[in-house]
Peer 1: 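The structure that follows is given in the form of structure tokens.
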Amino acid sequence: MLDSKPGSEEPSVTETEAREECPECGSLRHLHDYRRAEVVCSDCGLVIEDRIADQGPDWRGLDSDERLAREHTGPPTTYTIHDKGLSAMIDPRDYDAGGSPLKPQTKAQMSRLRKWDRRARISGSVERNLSWALSELDRVAGQLQLPRNVREAASLLYRKTVENGLTRGRSMESSTASALYISCRQFGIPRTLEEMADVTKYNKKELGKSYRVMARDMGIHLPPVNAMDYVPRFTSLLGLPGRVGTKAGAILREVIDEGMGSGRGPAGIAAAAIYTACVLEDAKRTQKEISEITGVTEVTVRNRYKDIAEYLNLDVDG
DNA sequence: AAGACGAAAGTGGTTGA
DNA sequence: TCAACAACTTTCGTCTT
């Protein structure tokens, strides 16, 4: 019930004939990738539109609880109409409906009313931004299959960031993504920046910069990512049996104890440990498959694998 | 033909003057 | 602030199965 199986394969990509041609190559064949919420040109791969999931009832891949929770939250349309026609204007002039001046007492009252009206409006807009941000946060969290507690933590972090005025000059998307990324790290279920980048409109670099700034500003010290934390998810995404995961964990522990972790990217080491475990356990996955899932290149998988194999051969058992 | 391996050049981030 | 540096990626060619 925690993580839905990655193996459940609904057709998440459909090809359609588009009305507009691709600005890059002019092709009319577009792929709708609902899992990644993108429209991609079939011929040149250009991402024509992202976040299509906002436009329809296409939330998917989540359990019924989440679907329920999400049913009416949503895209900016609700937020744009939120204030419309609901808040009345208070006439700024001190005359009554008939045009006569107000009594001093009434005048003072009206002035107080205006003051509170103004305050309500401002806090209303803060609320609206917040509610938009939180639904964006939920969307990304949903696509990354993150558990509730991480979302809660991320929401809280985001609120605090806003309260401290640290979101000024930054987009809400980058801030919510940063809050999520940081929370994931804190909960020991890290997502790679690649994965974050896949479901937001920012790339690895931008997200990296943005989350660093937020962590620094909020005085959060993030311990380095533990390579071990990647193993369960990667093995499960690769559809590997449990024993391979255990093996990979054992290899990792051994290799990291030996100081191989320093300076190297944790995801790369995790990927290589999994690859090694695959070889040893005879549950072969190609380097390519592993690199695709883990977001590190084949070359890095190879290099780390070489390191690990070297070390393991020096040791007695393998 | 596909996968594994490695060399070479390029990129972004960190470090030390 | 800038240059040097290590890690990683990209690209491409060769070897192996």
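Naming: A, B, ... by sequence-line order, numbering from 1 per chain. All heavy atoms count here, side chains included; hydrogens, waters and symmetry mates do not.
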Peer 1: Dot-bracket for DNA chain C, please. Rules: Watson-Crick or G-U, both distances under 3.5 Å, ( ) within the strand, [ ] when a pair crosses earlier ones, | for another strand, . otherwise.
Peer 2: |||||.|||||||||||

Peer 1: Using a 6.0 Å cut-off, check whether atom CG of A:Asp257 has over 12 heavy atoms from anything other than its own residue.
Peer 2: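 Yes.
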
Peer 1: As a test of understanding, state which of A:Arg216, A:Glu206, A:Arg185 forms a side-chain hydrogen bond (donor to acceptor under 3.5 Å, both in side chains) with A:Tyr211.
Peer 2: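 Between A:Tyr211 and the candidates, side-chain hydrogen bond (donor to acceptor under 3.5 Å, both in side chains) is satisfied uniquely by A:Arg185.
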
Peer 1: Could you check how far CD of A:Glu206 sits from C1' of B:dG12, rounded to whole Å?
Peer 2: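 About 14 Å, once rounded to whole Å.
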
Peer 1: Taking only side-chain nitrogens and oxygens of A:Arg304, does any of them come within less than 4.0 Å of OP1 or OP2 of C:dC8?
Peer 2: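 So the side chain of A:Arg304 is within the cut-off, an N or O lying under 4.0 Å from OP1 or OP2 of C:dC8.
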
Peer 1: Do NZ/NE/NH1/NH2 and the carboxylate oxygens of A:Arg139 and A:Glu136 come within less than 4.0 Å?
Peer 2: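 Salt bridge: yes.
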
Peer 1: Specify the separation, in whole Å, of atom NZ of A:Lys205 and atom P of B:dG13.
Peer 2: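 Atom NZ in A:Lys205 sits about 6 Å away from atom P in B:dG13.
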
Peer 1: I'd like to know if A:Glu292 pairs up with A:Lys288 as an ion pair, taking the criterion as any Lys NZ or Arg NE/NH1/NH2 lying under 4.0 Å from an Asp or Glu carboxylate oxygen.
Peer 2: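 Yes, this pair counts.
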
Peer 1: Against A:Leu240, only a single residue in A:Lys247, A:Arg285, A:Glu281 fulfils side-chain contact (heavy atoms from CB on, under 4.5 Å); can you say which?
Peer 2: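 Only one of A:Lys247, A:Arg285, A:Glu281 forms a side-chain contact (heavy atoms from CB on, under 4.5 Å) with A:Leu240, namely A:Arg285.
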
Peer 1: If a protein heavy atom is under 4.0 Å from the base, mark B; if only from the sugar-phosphate, S; if neither, -; do that for nucleotides 1-7 of chain B going 5' to 3'.
Peer 2: --SSBB-

Peer 1: Counting distance only, does the side-chain N/O of A:Arg304 pair as donor-acceptor with the main-chain N or O of A:Val299 below 3.5 Å?
Peer 2: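 No, the answer is negative, given that no donor and acceptor are paired below the 3.5 Å cut-off.
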
Peer 1: What are the two closest non-hydrogen atoms of A:Leu180 and A:Ala154, and how far apart are they?
Peer 2: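 A:Leu180 and A:Ala154 have their closest heavy atoms at CD2-CB, 3.7 Å.
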
Peer 1: Which heavy-atom pair separates A:Ala273 from A:Ile251 by the least distance, and what is that distance?
Peer 2: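 Closest approach of A:Ala273 to A:Ile251: O-CD1, 4.0 Å.
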
